[in-house]
Amino acid sequence: MPMKTYEAANQRYNTMTYRRCGNSGLLLPSLSLGLWHNFGSVDAFENYSQIAFSAFDNGITHFDLANNYGPLPGSAEENFGRILKKGLATYRDELILSTKAGHDMWPGPYGSWGSRKHLMASIDQSLKRMGVEYVDIFYSHRPDPDTPMEETMQVLSDIVKQGKALYIGLSKYNEEQTQTALRLLKQCGTPCLIHQDRYSLFDRGVENGLLDTIGTNRIGMIAFSPLAQGLLTDRYLNGIPADSRAAKSTGFLKQEQVTPEKISQVRQLNEIARQRGQSLAEMAIAWLLKDHRVTSVIIGASSVTQLKNNLKTLQSPGFTAEELEAIDRITRR
């Protein structure tokens, strides 16, 4: 039986909170939906379309993509285009769509990095795959060590001026690279809106200067991998489950990363979460959102149930000084 055309829930804005992105006019939902996993050609349309629809029904207006998300590369954008055609496009003016370019996408010398050739081709391909006239945010997905940053920033600015994107973002630029990029974008007349980087209780590298740069320059920060590829959930309290990411030979969470010490940390954090009346995943996301410099946290979901569990973070209680001190003591070893 064909799936009915989607109609959004009337109460979709009742529970979500929205945060201003730096000093811009743009508000982003506290939780954004990432399409890095579970939206590729190997996944089931019925499942991931319901995840997307449920996300919007619960006030998640921001959908985070990249040209290489899949697998296969490009398939997440293509599948999101299918979701738009199933009814989500009706609400295009209520959506924030972001995509990125810079990682390996097609063969040959122009298939990755930050050249004008690659970025211009990438944005055109992304718009075509999704079937949209523009994206709201277009990111440089990673800094290019060989292309002059002046070239990369100029083409990002040009993409905005051509109407193919409304805002520009940076992803995985370190503090020094970010400062240079911000200066160059300002000279181009297109200020940076947002910076996206990995940030979690187990990966706090952005605290070594980058978050301060983001705050000082009044741009937004959006965190990805907030659950450390699943480590910051109850999945690993008793070791490595046979069906988990760490048990697989492929993927970003390796079995050797799930050490006895790490499992001990997870158990201690889980006990703090239990005392707070929430799951470890809820606490891990709430801990990121306690910082006003963090505009939004990108969550992934393999099911509607998992998505709704993460949405419980919005009812999270604040942290006491004692809780924050205990969390720091556990995670800063």
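Just so you know, these numbers come straight off a predicted model, no measurement behind them. Just so you know, residue 1 is the first one in the sequence shown, and it goes up from there.
- No hydrogens or angles considered: a donor-acceptor pair under 3.5 Å links the side chains of Ser225 and Gln229.
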I'd like to know whether Leu210 forms a side chain to side chain contact (heavy atoms under 4.5 Å, CB included) with Asn174, so could you lay out the CA-CA distance, the side-chain angles of the two residues, the decisive distance to 0.1 Å, and finally the verdict.
CA-CA 7 Å; Leu210 181 58; Asn174 65 28; over 6 Å; no
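- Residues passing the ring-ring contact (aromatic ring centres under 6.0 Å, His included) test with Phe138, sequence neighbours excluded: none.
- A donor-acceptor pair under 3.5 Å is absent between the side-chain atoms of Gln196 and the main chain of Ile222, judged by distance alone.
- Although no hydrogens or angles enter the test, the distance criterion places a donor-acceptor pair under 3.5 Å between the side chain of Thr213 and the main chain of Gly209.
- No donor-acceptor distance shorter than 3.5 angstrom exists from the side chain of Gln154 to the backbone of Glu150, with no hydrogens or angles considered.
- Other residues, nucleotides and ligands contribute more than 12 heavy atoms inside 6.0 Å of the CD atom of Gln315.
- The residues Lys308 and Asp57 are annotated as not salt-bridged, no charged nitrogen and carboxylate oxygen being separated by less than 4.0 angstrom.
- Just one residue in the list Phe56, Tyr13, Phe53 forms a ring-ring contact (aromatic ring centres under 6.0 Å, His included) with Tyr91, and that residue is Phe56.
- Between Tyr69 and His37 the shortest side-chain heavy-atom distance does not fall below 4.5 Å.
- Listed by first then second residue, pairs satisfying ring-ring contact (aromatic ring centres under 6.0 Å, His included) with a partner in residues 140-198 read His103-His141, not counting sequence neighbours.
- The main-chain N or O of Met105 is never found under 3.5 Å from a side-chain atom of Ser112 such that the two would form a donor-acceptor pair.
- For the pair Glu151 (side chain) and Pro148 (backbone), a donor-acceptor distance under 3.5 Å is absent.
- Nearest approach of Gly114 to Leu119, heavy atoms of both residues: O-CD1, 3.8 Å.
- Donor-acceptor pairing under 3.5 Å is lacking for the side chains of Asp158 and Gln162.
- Residues Phe63 and Leu88 have side chains in contact (heavy-atom distance under 4.5 Å, counting atoms from C-beta outward).
- Nearest heavy atoms, Ile327 versus Ile272: CG1-CD1, 4.0 Å.
- Ser75 places a side-chain N or O within 3.5 Å of a backbone atom of Pro71 that can act as its donor or acceptor partner.
- Here the side chains of Met283 and Leu280 are in contact, with some heavy-atom distance below 4.5 Å.
- Arg198 places no side-chain N or O within donor-acceptor distance of the main-chain N or O of Phe224, the cut-off being under 3.5 Å.
- Remark: Asp234 does not engage Arg267 in a salt bridge, criterion side-chain N to carboxylate O under 4.0 Å.
- Applying the side chain to side chain donor-acceptor pair (under 3.5 Å) definition to pairs two or more places apart or across chains, those involving residues 288-299 are Ser32-Ser296, Asp212-Arg293, Asp291-Arg293.
- Looking at heavy atoms from C-beta onward, Lys86 lies out of side-chain contact with Arg82 at the 4.5 angstrom threshold.
- Considering only heavy atoms from C-beta on, Ile194 comes within 4.5 Å of Ile137 through its side chain.
- Scanning all heavy atoms of the two residues, the minimum distance from Ala55 to Leu33 falls at CB-CD2, 4.0 Å.
- Heavy atoms only, all atoms of each residue included: Thr15 and Asn58 are closest at OG1-O, 4.3 Å.
- For the pair Ser30 (side chain) and Thr17 (backbone), a donor-acceptor distance under 3.5 Å is present.
- Taking every heavy atom of both residues into account, Tyr18 and Gly59 meet most closely at OH-O, 2.7 Å.
- With hydrophobic clusters built from ILVMFWY side chains whose heavy atoms lie under 4.5 angstrom apart, Trp113 does not share a cluster with Val155.
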- Item | Glu176 vs Thr180, side-chain hydrogen bond (donor to acceptor under 3.5 Å, both in side chains): CA-CA, chis, key distance, verdict | CA-CA 6 Å; Glu176 182 181 357; Thr180 302; 5.7 Å; no
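- Defined by atom type and a distance below 3.5 Å, a donor-acceptor pair is present between the side-chain atoms of Glu271 and Gln275.
- Remark: side-chain polar atoms of Arg276 are not paired, donor with acceptor, to backbone N or O of Ser316 under 3.5 angstrom.
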Subject >> Arg92/Tyr134 under side chain to side chain contact (heavy atoms under 4.5 Å, CB included): CA gap, chis, key distance, verdict >> reply: CA-CA 10 Å; Arg92 177 64 183 95; Tyr134 68 96; 3.1 Å; yes
Note to self: side-chain hydrogen bond (donor to acceptor under 3.5 Å, both in side chains), that's the test. Do Ser122 and Gln125 meet it? Break it down for me.
What the structure shows: CA-CA 5 Å; Ser122 293; Gln125 290 177 16; 5.5 Å; no
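- Between the side chains of Ser264 and Glu261, no donor N or O sits under 3.5 Å from an acceptor N or O.
- Counting non-hydrogen atoms of neighbouring residues, nucleotides and ligands closer than 6.0 angstrom, the NZ atom of Lys164 exceeds 12 such neighbours.
- Remark: Asp64 engages Lys100 in a salt bridge, criterion side-chain N to carboxylate O under 4.0 Å.
- By the ring-ring contact (aromatic ring centres under 6.0 Å, His included) test, His118 is found to be paired with Trp106, residues two or more places apart in sequence or in another chain being considered.
- Within 6.0 Å of CG on Asn10 lie no more than 12 heavy atoms contributed by other residues, nucleotides or ligands.
- Distance check, rounded to the nearest 0.5 Å: CG of Leu201 to CZ of Arg332 gives 10.0 Å.
- Between His62 and Ser98 the shortest side-chain heavy-atom distance falls below 4.5 Å.
- Remark: Phe39 pairs with Tyr48 by the ring-ring contact (aromatic ring centres under 6.0 Å, His included) rule, at least two apart or across chains.
- A donor-acceptor pair is defined here as one N or O able to donate and one able to accept, closer than 3.5 Å; no such pair exists between the side chain of Ser54 and the backbone of Gln50.
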Item checked: side chain to side chain contact (heavy atoms under 4.5 Å, CB included) evaluation trace for Ile123 with Val135 -> CA-CA 9 Å; Ile123 184 62; Val135 293; 4.0 Å; yes
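- Counting heavy-atom neighbours within 6.0 Å of Glu325 CD, excluding the residue itself, gives a total of 12 or less.
- Using a 4.5 Å heavy-atom cutoff, the side chains of Thr90 and Tyr6 are not in contact.
- At a threshold of 4.5 Å between side-chain heavy atoms, the hydrophobic network of Ile, Leu, Val, Met, Phe, Trp and Tyr places Phe45 and Leu65 in one connected group.
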- Item | Evaluation steps, salt bridge (charged side-chain N to carboxylate O under 4.0 Å, His left out), between Arg142 and Asp104 | CA-CA 11 Å; Arg142 60 175 175 173; Asp104 295 347; 3.5 Å; yes
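- Thr331 and Arg204 are linked by a side-chain donor-acceptor pair at a separation below 3.5 angstrom, with hydrogens and angles left out of the test.
- Side-chain atoms of Leu227 and Ile285, non-hydrogen and from C-beta on, do get closer than 4.5 Å to each other.
- Of all the heavy atoms in Cys21 and Gly220, the pair that sits closest is SG-CA, 3.8 Å.
- Criterion: ILVMFWY side-chain heavy atoms under 4.5 Å apart, direct or through other members. Under it, Leu72 and Met130 are not part of a common hydrophobic cluster.
- At a threshold of 4.0 Å, the pair Glu78-Lys128 does not count as salt-bridged, since none of the basic side-chain nitrogens sits closer than that to a carboxylate oxygen.
- No hydrogens or angles considered: nothing links the side chains of Glu94 and Thr61 as a donor-acceptor pair under 3.5 Å.
- For Arg218, the salt bridge (charged side-chain N to carboxylate O under 4.0 Å, His left out) criterion is met by no residue, not counting sequence neighbours.
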